[in-house]
Colleague: 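Supplied in structure tokens, the structure appears directly below.
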Amino acid sequence: MKYWLLKSEPDVYPWSKLVADGRGKWDGVRNHTAKLNLQAMKKGDRAFFYHSNIGKEIVGTMEIVREAYPDTSAEKGAWFMVDVAPLKEAAKPLTLAEIKTLPELAGMALLKYSRLSVQPVAPAEWKAICKRIGVPA
DNA sequence: GCCAACGTTGGC
DNA sequence: GCCAACGTTGGC
């Protein structure tokens with residue numbers, strides 16, 4: 001199983017909406033590196049939901065429930081989307097500011113490639129973050 | 001094929 | 001609101 005981090009601006013698509021819907025389509029990704037990550041996802045992989053811009057924190061965990069398929073929001077070209085379902089809400093969200101202070105998370109893609117909206121998370125990082133936010137790894 | 005200009009993302 | 005990072009576009 002692989003681990004990922006997906007970013008969304010909460011005023012566009014917040015965690016609360018995903019929870020209310022029970023399942024969501026992760027579309028609109030228009031960056032090639034992010035696209036490759038979407039295509040590498042397997043059903044059953046896990047991902048963090050990160051609120052960018054507002055909040056700047058990891059707010060919950062998700063499961064990939066449908067592997068990459070053509071993005072229905074794309075006018076042309078081969079962009080892809082996946083479907084996700086919420087797993088656990090963070091008992092205590094982990095902010096970007098906190099992530100920067102933790103040595104075990106210093107290598108995160110989130111810090112190095114701040115603009116990448118779909119990025120991989122190392123297993124050790126996944127475990128450390130789950131512990132911090134109070135959800136089962 | 002190079003590179004300057006420009007647009008977008010996202011943190012501050 | 002500003003700015004850094006970085007991807008894309010277009011002139012040459």
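By convention in this document, chain letters (A, B, ...) are assigned in the order of the sequence lines, proteins followed by strands, and residues within each chain are numbered from 1. Note that this is a predicted model, so its numbers are computed, not measured.
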Colleague: Regarding A:T95 and A:E98, is there a side-chain donor-to-acceptor distance under 3.5 Å anywhere?
Modeller: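 Side-chain D/A pair, A:T95 to A:E98: present.
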Colleague: In whole angstroms, how far is the P atom of B:dT9 from the NE2 atom of A:H32?
Modeller: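 Going from A:H32 (NE2) to B:dT9 (P), I get 14 Å.
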Colleague: Pick out the pairs of N or O atoms, protein on one side and nucleotides 10-12 of chain B on the other, that lie under 3.5 Å.
Modeller:
{"from": "B:dG10", "atom 1": "OP1", "to": "A:R115", "atom 2": "O", "distance (Å)": "3.4"}
{"from": "B:dG11", "atom 1": "OP1", "to": "A:Y50", "atom 2": "OH", "distance (Å)": "3.0"}
{"from": "B:dG11", "atom 1": "OP2", "to": "A:N53", "atom 2": "N", "distance (Å)": "2.9"}
{"from": "B:dC12", "atom 1": "OP1", "to": "A:K100", "atom 2": "NZ", "distance (Å)": "2.1"}

Colleague: For A:Y113 and C:dG7, give me the distance from atom OH to atom C1', rounded to whole Å.
Modeller: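 Answer to the nearest Å: 15 Å.
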Colleague: For A:S73 and A:G28, work out which heavy atoms get closest and say how close.
Modeller: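 Minimum heavy-atom contact is OG-N, 3.7 Å.
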Colleague: Quick check: are there more than 12 heavy atoms from other residues, nucleotides or ligands sitting under 6.0 Å from CZ of A:R132?
Modeller: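 Counting neighbours around CZ of A:R132, 12 or fewer heavy atoms of other residues, nucleotides or ligands fall under 6.0 Å, so no.
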Colleague: Could you state the atom-to-atom distance from CG of A:N31 to C1' of C:dT8 in whole Å?
Modeller: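 Interatomic distance, CG of A:N31 to C1' of C:dT8: 11 Å.
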Colleague: Please tabulate, for the side chains in residues 1-8 of chain A, all donor-acceptor contacts under 3.5 angstrom to protein atoms that are two or more places apart in sequence or on a different chain.
Modeller:
{"from": "A:W4", "atom 1": "NE1", "to": "A:D45", "atom 2": "OD2", "distance (Å)": "3.1"}
{"from": "A:K7", "atom 1": "NZ", "to": "A:S114", "atom 2": "O", "distance (Å)": "2.3"}
{"from": "A:K7", "atom 1": "NZ", "to": "A:L116", "atom 2": "O", "distance (Å)": "3.4"}
{"from": "A:S8", "atom 1": "OG", "to": "A:Y13", "atom 2": "O", "distance (Å)": "2.7"}

Colleague: Evaluate whether atom OH of A:Y113 has more than 12 neighbouring non-hydrogen atoms of other residues, nucleotides or ligands under 6.0 angstrom away.
Modeller: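 Counting neighbours around OH of A:Y113, 12 or fewer heavy atoms of other residues, nucleotides or ligands fall under 6.0 Å, so no.
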